[in-house]
Amino acid sequence: MTLRHENLHDGYGQRLRERIAAPGTAPLIGVYDMYSASIAAEHYDGMFVSGFGFAASYYGLPDIGFIAWPDMVAFVERLRGAFPRHHLLVDIDDGYVDPEVACHVVRRLERIGASGVILEDQKRPRRCGHADGKQVLPLDEYLEKLDQVLAARTDLVVVARTDATEEADILRRAEALAATEADVVLVDGVRSEEWIRRIRRVVGDKPLLFNQIAGGKSPRLSLSELDTLGVDVAIYSTPCLFAAHRAMDEALAGLKVADGRLPAEAGGRQPIGVRESTELLERNIARVRTREEVGV
């Protein structure tokens with residue numbers, strides 16, 4: 001078999017732009033560690049490195065500003081090594097407060113092969129985008145930070161995000177973000193389909209991103225419904241994390257009830273065991289070998 005040479009690293013941002021521009025709403029699945037990414041890679045071609053999931057997994061803390069940028073960069077580097085063909089959109093929160101730090105992180109992420117970043121306009125103390133009590137920077141201050149990040153990137157996709165909650169401010173900021181050189185606009189915590197339509201109108205032709213999170217403030221919508229509403233890309237921040245939470249809780253409760261005896265089957269299916277887990281992880285080695293063979 002002859003493998004075609006692909007210089008994937010140089011085009012990660014452009015490949016994500018092309019995916020967003022293609023028909024339909026592009027889904028990016030939130031991952032929080034290498035194992036969840038390994039499973040997500042079996043089903044989808046794009047991943048979202050969720051701040052909520054990473055804070056929970058890496059620190060055991062809520063998503064209120066604890067993430068240190070070197071930890072996030074190191075995680076993305078491991079992801080890119082294992083998944084050379086997947087889109088990787090990375091949540092960098094508020095750019096770790098300082099605009100110069102934000103630019104440094106963007107350059108680092110681009111060098112290691114991230115596809116894009118999301119930069120929000122929250123001020124500290126920050127909150128999850130679907131939590132109460134969010135505060136936003138003055139618009140001019142955020143736009144200055146965003147402009148610096150845009151100038152620091154070469155190919156990286158930049159998603160400009162607002163966490164505004166007052167109706168007039170939401171539309172004012174969405175329109176202002178759409179007028180920048182950012183590739184995509186995200187208004188987080190959108191509460192209804194009608195508000196998606198309003199935001200779609202004010203951002204014009206700029207691609208629009210929607211954040212799906214279980215238990216959040218936004219409606220649960222299918223990709224077909226989002227496409228009809230004019231949404232170009234959807235991030236699913238936490239399905240892997242929350243599914244793992246439920247499954248682990250139920251497995252350990254069952255283990256306790258069974259006096260420590262491992263189950264033979266669950267719901268009529270054989271449980272995941274050493275063989276299934278090893279086969280999943282061996283596919284990551286195969287991806288790395290293929291990457292080396294094609295010269296990436």
Side-chain angles (χ1 to χ4, degrees), residues 16-17 20 25-26 28 48 50-52 63-65 89-103 105-106 116-153 156-213 216-219 221 226 229-235 237:
L16 179 56
R17 285 185 190 87
I20 292 170
T25 302
L28 301 175
F48 171 53
S50 158
F52 188 107
D63 184 23
I64 55 175
L89 180 64
V90 183
D91 185 1
I92 61 168
D93 294 338
D94 56 359
Y96 310 99
V97 184
D98 187 271
E100 291 187 5
V101 174
C103 292
V105 171
V106 162
V117 298
I118 298 178
L119 179 72
E120 70 191 31
D121 63 356
Q122 284 197 51
K123 64 181 179 180
R124 299 289 172 119
R126 70 169 307 282
R127 297 283 184 268
C128 166
H130 289 253
D132 294 325
K134 297 188 297 181
Q135 301 178 75
V136 292
L137 295 168
L139 181 57
D140 289 346
E141 185 176 339
Y142 173 71
L143 290 176
E144 183 177 349
K145 182 191 292 187
L146 177 62
D147 284 343
Q148 291 181 52
V149 164
L150 291 167
R153 61 91 182 259
L156 201 71
V157 169
V158 174
V159 179
R161 163 180 157 177
T162 181
D163 282 83
T165 55
E166 295 187 5
E167 294 185 356
D169 199 27
I170 290 171
L171 297 178
R172 180 176 73 99
R173 287 176 182 255
E175 186 174 17
L177 302 189
T180 70
E181 294 299 316
D183 298 277
V184 182
V185 170
L186 162 60
V187 177
D188 212 6
V190 178
R191 294 173 182 264
S192 69
E193 293 181 41
E194 176 55 30
W195 264 97
I196 297 174
R197 294 188 186 96
R198 292 185 190 183
I199 295 162
R200 175 73 274 173
R201 286 194 291 269
V202 300
V203 301
D205 294 332
K206 185 76 71 172
L208 183 63
L209 186 151
F210 181 72
N211 183 14
Q212 300 248 50
I213 183 167
K217 297 181 181 298
S218 299
L221 298 169
L226 290 172
L229 290 166
V231 173
D232 301 277
V233 56
I235 52 175
S237 298

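Numbers here are sequence positions counted from 1.
Heavy-atom minimum distance, Gly116 versus Leu16: N-CD2, 4.4 Å. When all heavy atoms of Val136 and Ala164 are compared, the pair lying nearest together is CG1-N, 3.7 Å. Considering all non-hydrogen atoms of both residues, Leu186 and Val159 come closest at CB-CG1, 3.8 Å. The heavy-atom pair separating Asp183 from Arg17 by the smallest distance is OD1-NE, 2.8 Å. Ala176 and Leu139 get closest at one heavy-atom pair: CB-CD2, 3.8 Å. Annotation for Ala182 and Ala160: closest pair CB-CB, 3.8 Å, computed over non-hydrogen atoms.
Partners of Ser237 by side chain to side chain contact (heavy atoms under 4.5 Å, CB included), not counting sequence neighbours, listed by chain and number: Phe48, Ser50, Asn211, Ile213, Ile235. Applying the side chain to side chain contact (heavy atoms under 4.5 Å, CB included) criterion to Arg200, with sequence neighbours excluded, gives Val203, Leu208, Asp232.
A 4.5 Å side-chain heavy-atom check between Ile92 and Leu119 finds at least one atom pair inside the cut-off. Side chains of Arg198 and Ile170 form no contact here, defined as non-hydrogen atoms less than 4.5 Å apart.
Note: Ile118 CD1 to Leu89 CG = 4.5 Å, rounded to the nearest 0.5 Å. Of the inter-residue distances, the one linking Lys206 atom NZ with Glu181 atom CD reads 6.0 Å to the nearest 0.5 angstrom. The distance from the NZ atom of Lys123 to the OH atom of Tyr142 is 15.5 Å, given to the nearest 0.5 Å. For the atom pair CZ of Phe210 and CG of Leu221, the computed distance is 5.0 Å after rounding to the nearest 0.5 Å. A distance of 11.5 Å separates CD of Gln122 from CD1 of Ile64, quoted to the nearest 0.5 Å.
Put simply, the side chain of Arg173 never gets that close to the backbone of Ala168: no donor and acceptor are under 3.5 Å apart.
More than 12 heavy atoms of other residues, nucleotides or ligands shown are found within 6.0 angstrom of CD on Glu194.
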Full working for side chain to side chain contact (heavy atoms under 4.5 Å, CB included) between Arg153 and Val158 = CA-CA 8 Å; Arg153 61 91 182 259; Val158 174; 3.8 Å; yes
Could you list the donor-acceptor pairs under 3.5 angstrom formed between side-chain atoms of residues 93-103 and any protein atom two or more places apart in sequence or on another chain?
from  : atom 1 : to     : atom 2 : distance (Å)
Asp94 : OD1    : Tyr96  : N      : 3.0
Asp94 : OD1    : Val97  : N      : 3.3
Asp94 : OD1    : Arg124 : NH2    : 3.0
Asp94 : OD2    : Arg124 : NE     : 2.7
Asp94 : OD2    : Arg124 : NH2    : 3.4
Asp98 : OD1    : Glu100 : N      : 2.8
Asp98 : OD1    : Val101 : N      : 3.3

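Here Glu141 does not pair with Lys145 in a salt bridge; the nearest charged N to carboxylate O distance is not below 4.0 Å.
Among Leu137, Asp169, Leu177, the one residue that satisfies the side-chain contact (heavy atoms from CB on, under 4.5 Å) test with Thr162 is Leu177.
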